[in-house]
K.L.:
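The structure's right below; bear with me while I get my questions together.
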Amino acid sequence: MRIAVTLVPLILLIGLGALLSHLQFLGKAFVADLNKLAFWIALPALLFRSAAHAGEPGVQTGQLLMILLGATLLACGAGYLLCAVFRVPFASRGTLVQAGFRGNLAYIGIPLLSFGLPAMGAGPQAFRTAVVVMTCMMVVFNFLAVLVLTKGRFDVREAARSIFTNPLLVSGLLGLAMAFSGFELPLVIDRTLEVMGNAAVPIALLCIGGSFLTSPKGGKISWVAMAVGLKVD
């Protein structure tokens with residue numbers, strides 16, 4: 001019952017975004033602008049404030065990070081194995097493997113955690129712990145993405161660029177740095193970020209729904225199914 005209470009409202013918001021896009025109540029240009037608002041402003045505000053309020057990392061933080069890291073590496077290895085078995089062209093393997101191991105921590109993970117944890121009776125510290133782990137995993141995803149997309153030739157400059165041009169990563173890392181330094185946000189700034197962060201969840205979910213109809217679709221269905229299977233597992 002708790003799972004339904006957590007997931008159904010999120011699914012309904014995604015469906016609302018798709019419906020509004022289908023009815024052209026949200027035009028293609030507006031969905032694109034809304035997506036930019038979520039990616040560059042709302043979600044970074046939520047991540048920064050949550051990370052800035054994070055307490056000392058507990059034992060569960062390290063354990064959760066190790067589990068997610070192990071699962072990511074396992075999915076990455078399984079992706080290459082499946083590519084070899086199904087004879088996916090070498091030029092396409094990096095893209096498929098990245099799609100398989102990279103979790104959608106921003107547009108799905110953040111709404112699910114921020115809405116689902118309170119519904120399950122978890123306190124603010126649980127969400128802050130999740131934000132710490134999420135920020136660390138974003139760094140891992142970016143480094144691995146550079147590695148697989150450059151076919152094993154790791155480019156330090158490209159890896160650094162992928163981190164420092166990603167507002168979600170930058171906001172999360174800055175928030176963690178502030179938390180560990182012991183510096184507290186001024187109350188006015190903190191409340192402003194709180195209000196903006198509260199808007200992140202509905203904006204992100206509406207963007208997902210709207211993007212279903214406005215994003216171009218293509219590719220080989222079997223490869224898409226393979227990547228989805230890896231991501232779900």
Side-chain angles (χ1 to χ4, degrees), residues 1-51 95-96 98-100 102-120 122 124 127 130-131 134-135 138 141-142 145 162 165-172 175 188-225 227-232:
M1 184 63 182
R2 285 186 175 181
I3 294 177
V5 170
T6 300
L7 293 180
V8 171
L10 305 183
I11 294 172
L12 289 176
L13 275 174
I14 293 174
L16 177 61
L19 176 63
L20 294 177
S21 180
H22 175 71
L23 297 175
Q24 296 186 346
F25 187 87
L26 298 179
K28 185 175 181 179
F30 184 79
V31 171
D33 290 337
L34 199 63
N35 188 58
K36 287 191 291 186
L37 177 64
F39 185 72
W40 288 98
I41 305 296
L43 288 171
L46 177 60
L47 273 175
F48 176 78
R49 183 177 182 273
S50 298
T95 303
L96 191 150
Q98 185 203 205
R102 189 163 199 153
N104 193 337
L105 298 180
Y107 284 77
I108 294 295
I110 294 175
L112 189 59
L113 289 171
S114 62
F115 184 77
L117 289 177
M120 292 186 291
F127 180 64
V131 168
M134 186 183 302
T135 302
M138 284 182 182
F141 287 161
N142 277 45
S162 71
T165 58
N166 186 322
L168 301 175
L169 260 176
V170 172
S171 61
V188 173
I189 301 298
D190 185 65
R191 293 300 302 276
T192 302
L193 290 173
E194 181 183 15
V195 173
M196 191 69 248
N198 288 340
V201 172
I203 290 175
L205 294 174
L206 288 173
C207 283
I208 294 173
S211 297
F212 282 156
L213 300 179
T214 58
S215 298
K217 300 172 181 63
K220 199 168 182 178
I221 297 299
S222 60
W223 296 357
V224 174
V228 171
L230 285 170
K231 191 183 294 290
V232 172

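Counting from 1, the numbers follow the sequence of the chain as shown.
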K.L.:
Hey, could you give me the CG/OG distance between Leu43 and Ser171, rounded to the nearest 0.5 Å?
P.N.:
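Going from the CG atom of Leu43 to the OG atom of Ser171 covers 8.5 Å.
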K.L.:
To the nearest 0.5 Å, what is the distance between CG (Asn166) and CH2 (Trp40)?
P.N.:
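Taking CG in Asn166 and CH2 in Trp40, the distance rounds to 8.0 Å.
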K.L.:
Nearest 0.5 Å please: distance from the CD1 atom of Ile208 over to the CD1 atom of Ile108.
P.N.:
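One finds 3.5 Å between CD1 of Ile208 and CD1 of Ile108.
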K.L.:
Nearest 0.5 Å, what's the CG-CG distance between Leu46 and Leu193?
P.N.:
10.0 Å
K.L.:
Using modelled atom types and a 3.5 Å cut-off, is there a donor and acceptor pairing between side-chain atoms of Asn198 and backbone atoms of Glu194?
P.N.:
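Answer holds: yes.
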K.L.:
Look only at the side chain of Ser21 and the backbone of Gly17, and say whether a donor-acceptor pair between them is shorter than 3.5 Å.
P.N.:
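No, Ser21 side chain to Gly17 backbone: no donor-acceptor pair under 3.5 Å.
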K.L.:
For Ala51 and Gly172, which heavy atoms make the closest approach, and how far apart are they?
P.N.:
CB-O, 3.7 Å
K.L.:
To the closest 0.5 Å, what do you measure between CD1 (Ile203) and CE (Met196)?
P.N.:
4.5 Å
K.L.:
For a quick test of reading the model, state the closest non-hydrogen atom pair linking Cys207 to Ala38 and the distance between them.
P.N.:
SG-CB, 4.4 Å
K.L.:
In Å, rounded to the nearest 0.5 Å, how long is the span from CG of Asn142 to CD of Gln98?
P.N.:
8.5 Å
